[in-house]
There are 2 protein chains.
Amino acid sequence: MGTEDLRRARTNVRANVRRVPGPCAQWKDEDADFIREVLDLVGDKWSVLIIGTLADGPIRYSHLADAIPGISQRMLTLTLKHLQRTGLINRTSYPEVPPRVEYALTELGTSLLSTVLALAAWSADHHAEIRRRQAAYDRDTGG
Amino acid sequence: MGTEDLRRARTNVRANVRRVPGPCAQWKDEDADFIREVLDLVGDKWSVLIIGTLADGPIRYSHLADAIPGISQRMLTLTLKHLQRTGLINRTSYPEVPPRVEYALTELGTSLLSTVLALAAWSADHHAEIRRRQAAYDRDTGG
DNA sequence: CGGTATCCCACATGATACTG
DNA sequence: CAGTATCATGTGGGATACCG
């Protein structure tokens, strides 16, 4: 990314902050709220993994548990409820024996999916550089 | 978003999951790692707000504290160190009295900024719908 | 001014056991 | 199969005081 891009990015962001009296910018309350809102949604340990798994189509509770290594029943249930409450996923239970329950992304959830995958892509693009810089920092700092 | 978009989104994401034997997809370890990595970076309470504030240009420690309502000195220092270690921001201290320290986004940080702002924009676009759905869920569930 | 050091706690998550 | 209920715990983060 060149200097010009950096300038453009700053200009774009500057539209999101408010000039307050004096030399210092401050977050508009609502913008900070939006950031907090989306972080509450996907900032936890499991939401994004669940959303990503559901991208493959409707899937049952037990298959979600299999697809997401390390998740506990408790956290799977809790996170699913959270996502359902927010309208990101739908829960459909079929009155059969044995019981069957399927979860699926809503359109809202799908629209969020693309955005968080962009974040994951950023991580994939830069994780090598990140590791290099962390190692350098630790070397300079720790010894 | 229409059905066609939804299908496309699913197709895009399906490239990120691995077909395992049997009917169920599972996260590739490295993809889950990328998600965890970026969540560790920006999933906390203050990182994104700091990054967004720095978008306005280099800024001093005390001005950061003013620009981000509610942050404690401890968390400001801690989060700045974290972001610096990852290479998202630079710290420059000027040997004057009184001391002056400025923080600025690196190009890496700026590239992340655009992506997290997309998330904030998603939140801004959908927060009304989200609130509606949460209220409906609570009504249906709670009473 | 720009931090550290220390104490403290709420809460997110995990483990385990039980149920319709 | 698809959950609940209960207990245990690690830690993210706030408050406060102090330091170069």
Side-chain angles (χ1 to χ4, degrees), chain A residues 22-24 32 35-50 53-54 58-86 89-104 137 141-142, chain B residues 22-24 32 35-50 53-54 58-86 89-104 137 141-142:
Chain A
C24 125
I35 289 174
R36 292 248 160 76
E37 188 176 347
V38 76
L39 249 40
D40 283 348
L41 257 180
V42 302
D44 63 287
K45 196 169 176 182
W46 303 108
S47 289
V48 174
L49 290 177
I50 291 180
T53 305
L54 291 178
I59 186 176
R60 302 177 62 160
Y61 180 92
S62 54
H63 289 166
L64 267 175
D66 293 342
I68 303 175
I71 196 170
S72 63
Q73 258 187 333
R74 175 187 146 84
M75 286 317 294
L76 180 54
T77 302
L78 234 54
T79 310
L80 285 171
K81 268 188 184 145
H82 188 210
L83 295 175
Q84 189 193 352
R85 180 175 115 94
T86 321
I89 66 176
N90 279 328
R91 174 185 186 276
T92 313
S93 90
Y94 299 88
E96 312 167 352
V97 290
R100 177 163 62 105
V101 177
E102 281 190 350
Y103 293 88
Y137 180 97
T141 299
Chain B
C24 125
I35 288 175
R36 293 248 161 77
E37 188 175 348
V38 76
L39 250 40
D40 283 347
L41 257 180
V42 302
D44 63 288
K45 197 169 176 182
W46 302 109
S47 288
V48 175
L49 290 176
I50 291 179
T53 305
L54 291 179
I59 185 175
R60 301 177 65 161
Y61 180 91
S62 53
H63 289 165
L64 267 176
D66 293 341
I68 303 175
I71 197 171
S72 63
Q73 257 188 334
R74 175 187 144 86
M75 286 318 294
L76 181 54
T77 302
L78 233 55
T79 311
L80 285 171
K81 266 188 186 147
H82 189 210
L83 295 175
Q84 189 194 351
R85 180 174 115 96
T86 322
I89 66 176
N90 279 328
R91 175 185 186 275
T92 314
S93 90
Y94 299 89
E96 312 166 352
V97 290
R100 178 164 60 104
V101 176
E102 281 190 350
Y103 292 90
Y137 181 97
T141 300

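Just so it is clear: chains get the letters A, B, ... in the order the sequence lines come, proteins before strands, and each one is counted from 1. Source: prediction; values computed, not measured.
The distance between atom CZ of B/Arg36 and atom C1' of C/dT13, rounded to the nearest whole Å, is 12 Å. The distance between atom NE2 of B/His63 and atom C1' of C/dC1, rounded to the nearest whole Å, is 11 Å. Straight-line distance from the CD atom of B/Glu102 to the P atom of C/dC1: 15 Å, rounded to whole Å. The separation between B/Leu80 atom CG and D/dG13 atom C1' is 15 Å, rounded to whole Å. For the pair B/Leu76 CG and C/dG2 P, the computed distance is 10 Å after rounding to whole Å. Going from atom OH of B/Tyr103 over to atom C1' of C/dG3 covers 8 Å, rounded to whole Å. Rounded to a whole Å, the CG atom of A/Leu78 is 11 Å from the P atom of C/dG14. Going from atom CG of B/Asp44 over to atom P of D/dT11 covers 16 Å, rounded to whole Å.
Neither OP1 nor OP2 of D/dA2 sits under 4.0 Å from any side-chain N or O of A/Arg100. Put simply, A/Ser62 has a side-chain N or O that comes within less than 4.0 Å of OP1 or OP2 on D/dA2. OP1 and OP2 of C/dT4 both lie 4.0 Å or more from every side-chain N or O belonging to B/Tyr61. A/Arg74 has no side-chain polar atom (N or O) that falls below the 4.0 Å cut-off from OP1 or OP2 of D/dT4. Residue A/Lys45 places no side-chain N or O under 4.0 Å from the OP1 or OP2 atom of D/dG12.
Among the nucleotides C/dA17, C/dG2, D/dG13, the one closest to any side-chain atom of A/Gln73 is C/dA17. When distances are taken from the side chain of B/Ser72 to each of D/dG13, D/dG14, D/dT4, the shortest belongs to D/dG14. For A/Met75, counting side-chain heavy atoms from C-beta on, the closest listed nucleotide (C/dT13, D/dA2, D/dG13) is C/dT13. The side chain of A/Arg60 has D/dA2 as its nearest neighbour among D/dA2, C/dG3, D/dG13.
When every heavy atom of A/Leu49 is checked against every heavy atom of B/Arg36, the shortest pair comes out as CD1-NH2, 3.1 Å.
Because its NZ or CZ atom is not both nearer than 6.0 Å to the ring centre of B/Trp46 and within 45° of the ring axis, B/Arg74 does not count as a cation-pi partner of that residue.
Atom CD1 of B/Ile50 sits about 4.5 Å away from atom CD1 of B/Ile71, to the nearest 0.5 Å. One distance of note links NZ of A/Lys81 with CD of A/Gln84; it measures 9.0 Å at 0.5 Å rounding. Distance OG/A/Ser47 to CD1/B/Ile35: 11.0 Å, rounded to 0.5 Å.
A/Tyr94 comes within 4.0 angstrom of nothing in the nucleic acid, heavy atoms only.
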